Amino acid sequence: QVQLVESGGGLVQAGGSLRLSCAASGRTFSNYAMGWFRQVPGKGREFVATVSWSTGTTYYADSVKGRFTISRDNAKNTMYLQMNSLKPEDTALYYCAAGGVMATSPHHYDYWGQGTQVTVSS
């Protein structure tokens, strides 16, 4: 059974940093793309970043480019999102996801974690 478990969320002041982790288990993800999405109440899931598990190719939303870095550790089957220079508008529930292709739409991802809350105070 595929399982994605996020961790690392919390409360941080504007300008601070957090690192989210997504531990993956239950299958081989070598041919998968992994992604981070975020969601605030009343809105749909917003694309943040994606990475190819096999090649390490990355792609970011314009809103986080230059501030966030997505990466993966194949040996640990874990994906990360390093978030620097955080802003109050980054406050959201952050989800990790796995799917067959690198994509910005959540519809292309088959597996999802339960989410981890990130709150940025001004």
Side-chain angles (χ1 to χ4, degrees):
Q1 182 177 350
V2 174
Q3 193 170 21
L4 302 176
V5 180
E6 303 98 333
S7 61
L11 174 64
V12 64
Q13 287 189 330
S17 299
L18 282 174
R19 189 177 81 155
L20 306 183
S21 299
C22 173
S25 63
R27 67 163 298 143
T28 301
F29 289 92
S30 58
N31 294 322
Y32 270 66
M34 304 293 292
W36 287 99
F37 288 78
R38 62 189 183 186
Q39 188 171 22
V40 297
K43 292 192 175 181
R45 291 189 181 181
E46 176 192 14
F47 168 75
V48 175
T50 182
V51 60
S52 167
W53 198 271
S54 58
T55 67
T57 303
T58 59
Y59 183 76
Y60 297 90
D62 287 343
S63 59
V64 306
K65 201 174 295 183
R67 300 188 299 122
F68 291 9
T69 301
I70 189 172
S71 62
R72 85 273 186 256
D73 185 328
N74 289 359
K76 295 183 178 180
N77 242 23
T78 300
M79 176 179 65
Y80 304 98
L81 186 69
Q82 177 66 44
M83 305 185 295
N84 299 329
S85 302
L86 282 161
K87 305 174 181 179
E89 51 264 44
D90 293 319
T91 295
L93 188 60
Y94 282 71
Y95 294 92
C96 71
V101 295
M102 294 177 66
T104 60
S105 169
H107 301 295
H108 290 283
Y109 291 83
D110 304 310
Y111 304 105
W112 292 85
Q114 81 290 348
T116 185
Q117 178 67 37
V118 172
T119 303
V120 184
S121 63
S122 56

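Everything numeric here is computed off the predicted structure, so don't read it as measured data.
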#### Entry: Contacts of type side-chain hydrogen bond (donor to acceptor under 3.5 Å, both in side chains), residue Arg72, not counting sequence neighbours
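Expected list: none.
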Are [X] and [Y] joined in one hydrophobic group, where the rule is that I, L, V, M, F, W and Y side chains link up if heavy atoms are under 4.5 Å apart?
{"X": "Tyr59", "Y": "Trp53", "value": "no"}
{"X": "Leu86", "Y": "Val48", "value": "yes"}
{"X": "Met79", "Y": "Leu18", "value": "yes"}
{"X": "Tyr32", "Y": "Val2", "value": "yes"}

### Message
Taking ring-ring contact (aromatic ring centres under 6.0 Å, His included) as the cut-off, I'd like each qualifying pair that reaches into residues 78-111, sequence neighbours left out, listed once.
### Response
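Sorted result for residues 78-111: Phe37-Tyr109.
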Tell me every residue that passes side chain to side chain contact (heavy atoms under 4.5 Å, CB included) with [X], counting only those two or more places apart in sequence or in another chain.
{"X": "Ser25", "answer": "Gln3"}
{"X": "Thr57", "answer": "Ser52, Thr55, Met102"}
{"X": "Thr69", "answer": "Tyr60, Gln82"}

Going from [atom1] on [X] to [atom2] on [Y], what distance comes out if it is rounded to the nearest 0.5 angstrom?
{"X": "Leu93", "Y": "Glu6", "atom1": "CG", "atom2": "CD", "value": "7.5 Å"}
{"X": "Met83", "Y": "Trp36", "atom1": "CE", "atom2": "CH2", "value": "8.0 Å"}
{"X": "Asn74", "Y": "Thr28", "atom1": "CG", "atom2": "OG1", "value": "11.0 Å"}
{"X": "Phe68", "Y": "Thr58", "atom1": "CZ", "atom2": "OG1", "value": "14.0 Å"}

All N/O donor-acceptor pairs, side-chain side in residues 115-122, below 3.5 Å, sequence neighbours left out:
unit_1	atom_1	unit_2	atom_2	d
Thr116	OG1	Gly9	N	3.2
Gln117	NE2	Ala92	O	3.3
Gln117	NE2	Thr119	OG1	3.4

### Query
Do you know the tightest heavy-atom contact between Pro88 and Ala14?
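Heavy atoms only, the tightest pair is CD-CB, 4.1 Å.
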### Task
For residues Asn84 and Ser17, report the shortest heavy-atom separation together with the two atoms involved.
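Reported closest heavy-atom pair: OD1-OG, 2.9 Å.
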#### Entry: Of all pairs that satisfy salt bridge (Lys or Arg N to Asp or Glu O under 4.0 Å), the ones with a partner from residues 29-43, not counting sequence neighbours
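Qualifying pairs, neighbours excluded: Arg38-Glu46, Arg38-Asp90.
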#### Entry: All pairs passing salt bridge (Lys or Arg N to Asp or Glu O under 4.0 Å) where residues 106-122 contributes a residue, at least two apart
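Residue pairs with at least one partner in residues 106-122: there are none.
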### Message
Among residues at least two apart in sequence or on other chains, which ones pass salt bridge (Lys or Arg N to Asp or Glu O under 4.0 Å) with Lys65?
### Response
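With neighbours one apart ignored, the set is Asp62.
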### salt bridge (Lys or Arg N to Asp or Glu O under 4.0 Å) partners for Arg19, two or more places apart
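Partners of Arg19 by the salt bridge (Lys or Arg N to Asp or Glu O under 4.0 Å) criterion come out as none, since no residue qualifies.
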### Task
Examine distances only and state if a side-chain atom of Asn77 and a backbone atom of Ala24 form a donor-acceptor pair shorter than 3.5 Å.
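Present.
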### Query
Backbone N or O of Met34 within a donor-acceptor pair of the Thr50 side chain at under 3.5 Å?
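A pair under 3.5 Å: yes.
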### Task
Write out all pairs satisfying disulfide bond (SG atoms under 2.5 Å apart) with one or both partners inside residues 30-75, taking only residues at least two apart or from two chains.
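Output for this query is empty, none listed.
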### Task
Could you note down all residue pairs passing disulfide bond (SG atoms under 2.5 Å apart) where residues 87-122 supplies at least one of them, sequence neighbours left out?
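For residues 87-122: Cys22-Cys96.
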### Task
Look at atom CG of Asn31 and say whether more than 12 heavy atoms of other residues, nucleotides or ligands are closer to it than 6.0 Å.
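Counting neighbours around CG of Asn31, 12 or fewer heavy atoms of other residues, nucleotides or ligands fall under 6.0 Å, so no.
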